[in-house]
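Some notes on the structure that comes next.
Residues take their numbers from the sequence shown, with the count starting at 1. Heavy atoms only: backbone and side chains are in, while hydrogens, waters and symmetry mates are out.
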Amino acid sequence: MPPDLTTETPRPAAAPKRRAADIAYDAIETLISTLEMRPGSPVVEAEIVERTGLGRTPVREALLRMVSIGLIVQQPRRGLLVSTIDLADHLDVIQTRRVLECLIAACSARRATAPQRVDILRCAEHMVETAHSGDLDAYMRADHELDLVNHLASQNHSAVKCVVPLIVQCRRFWYAYQHEGEIAEGARAHMALAQGIATGNEAAAVAGANQLMDYLECFARRVIDR
């Protein structure tokens, strides 16, 4: 079973009520990013409905959204398939994500509410704890939670909309090649980002975002060059 991203980490303060299609999107994203739905595998709507307990309409809407951003592809006579991991393209994914993450970090440092600053720091602290214990699933849950709070805090919906599919690609890449990475190093980068946002220091927040992207780029290059 995929990890439950709704437990074990602090929830964002005053999170708005979410649409059923957004909940379905998150559920399917988890299946894809954790390789429960493997690259190149067929996407069967009825199976996802049964697996997630969600309705056909929100699942269908979520799948169409994933097709539009390339997480799922539609092949003639083969139907919907989970997109493959393109090693050659992954460094471009990180390069593009870097620009967006720095923008989001700066926005969050300026715009986050006091409760959001507390939540962001707590999520990063949980990442450090789970990295120390070696619990990859708990680490990824905390990572996902930090993203949610950070995105809400940034109040930059355009940047968030663009960065989310890139985050999923990076998360899936991590699960596919996790033996090449060191999660303690990743946790330290997330902590630097969180501390910059929590203190309202834009320069420190952007430096933390760059530190995180440097880590992901080094991780990707180890995989690509091996």
Heavy-atom donor-acceptor pair, S108 side chain to N150 backbone, under 3.5 Å: yes
A153 backbone acceptor or donor facing R111 side chain under 3.5 Å: no
Student check: side-chain heavy atoms of Y25 and L71 closer than 4.5 Å: yes
V223-Y215 co-clustered via ILVMFWY side chain contacts under 4.5 Å: yes
Same apolar cluster (I L V M F W Y, side chains within < 4.5 Å links), W174/I224: yes
Spacing of CG belonging to D22 relative to CD belonging to E61, to within rounding of 0.5 Å: 7.5 Å
Where A205 and A109 come nearest, the two heavy atoms and their spacing: CB-CB, 4.1 Å
Validation row: D214, R98 side chains within 4.5 angstrom (heavy atoms): yes
Verdict with reasoning, M37 to I48, per side chain to side chain contact (heavy atoms under 4.5 Å, CB included): CA-CA 10 Å; M37 293 173 61; I48 295 174; 4.0 Å; yes
Flag if over 12 foreign heavy atoms under 6.0 Å of CD, Q75: yes
Minimum heavy-atom distance C162-L100, with the two atoms named: CB-CD1, 3.8 Å
Option passing side chain to side chain contact (heavy atoms under 4.5 Å, CB included) with H90 (candidates D92, I94, L87): I94
Any donor-acceptor N/O pair, R117 side chain to I197 backbone, under 3.5 Å: yes
Gap separating the CE atom of M140 from the OG1 atom of T30, nearest 0.5 angstrom: 11.5 Å
Interatomic distance, Q195 atom CD to E125 atom CD [nearest 0.5 angstrom]: 8.5 Å
Check: H151 and I167 side chains under 4.5 Å, non-hydrogen atoms: yes
Side-chain heavy atoms of P58 within contact of I23, under 4.5 Å: no
Transitive ILVMFWY side-chain link V163 to V206, under 4.5 Å: no
Residue pair Q169, R97: steps toward the side chain to side chain contact (heavy atoms under 4.5 Å, CB included) verdict: CA-CA 10 Å; Q169 296 284 22; R97 183 181 169 186; over 6 Å; no
Shortest non-hydrogen separation from A187 to M127 and the atoms involved: CB-O, 3.8 Å
Heavy-atom closest contact (A159 atom, L103 atom, distance): CB-CD2, 4.0 Å
Side-chain hydrophobic cluster, 4.5 Å single linkage: members besides V99: none
Pair F219 and Y177, ring centroids less than 6.0 Å apart: no
H126 NE2 to E129 CD distance, which is reported to the nearest 0.5 Å: 6.5 Å
Mutual orientation of the aromatic rings belonging to Y139 and H190 [parallel < 30°, tilted 30-60°, perpendicular > 60°]: perpendicular
All salt bridge (charged side-chain N to carboxylate O under 4.0 Å, His left out) counterparts of R60, not counting sequence neighbours: E45
Side chain to side chain contact (heavy atoms under 4.5 Å, CB included) partner of V73, the single match among L81, V67, T84: L81
Separation between CG of D26 and CG of L31, rounded to the nearest 0.5 Å: 11.0 Å
Backbone of E29 reached by a side-chain donor or acceptor of S33 within 3.5 Å: yes
Distance-minimising heavy-atom pair for E101 and A209: O-CB, 3.9 Å
Apart from V128 itself, residues in the same hydrophobic cluster as defined by side-chain heavy atoms under 4.5 Å: L121, M191
Side chain to side chain, I32 and M66, heavy atoms closer than 4.5 Å: yes
Nearest non-hydrogen partners of A21 and A62, listed with the distance: O-CB, 3.9 Å
Rounded distance (nearest 0.5 Å) linking atom CG of L216 with atom CZ of F173: 9.5 Å
E217/R221 salt bridge by N-O under 4.0 Å criterion: yes
Cluster link L54 to V44, ILVMFWY, side chain under 4.5 Å: no
Check: D143 and R171 side chains under 4.5 Å, non-hydrogen atoms: yes
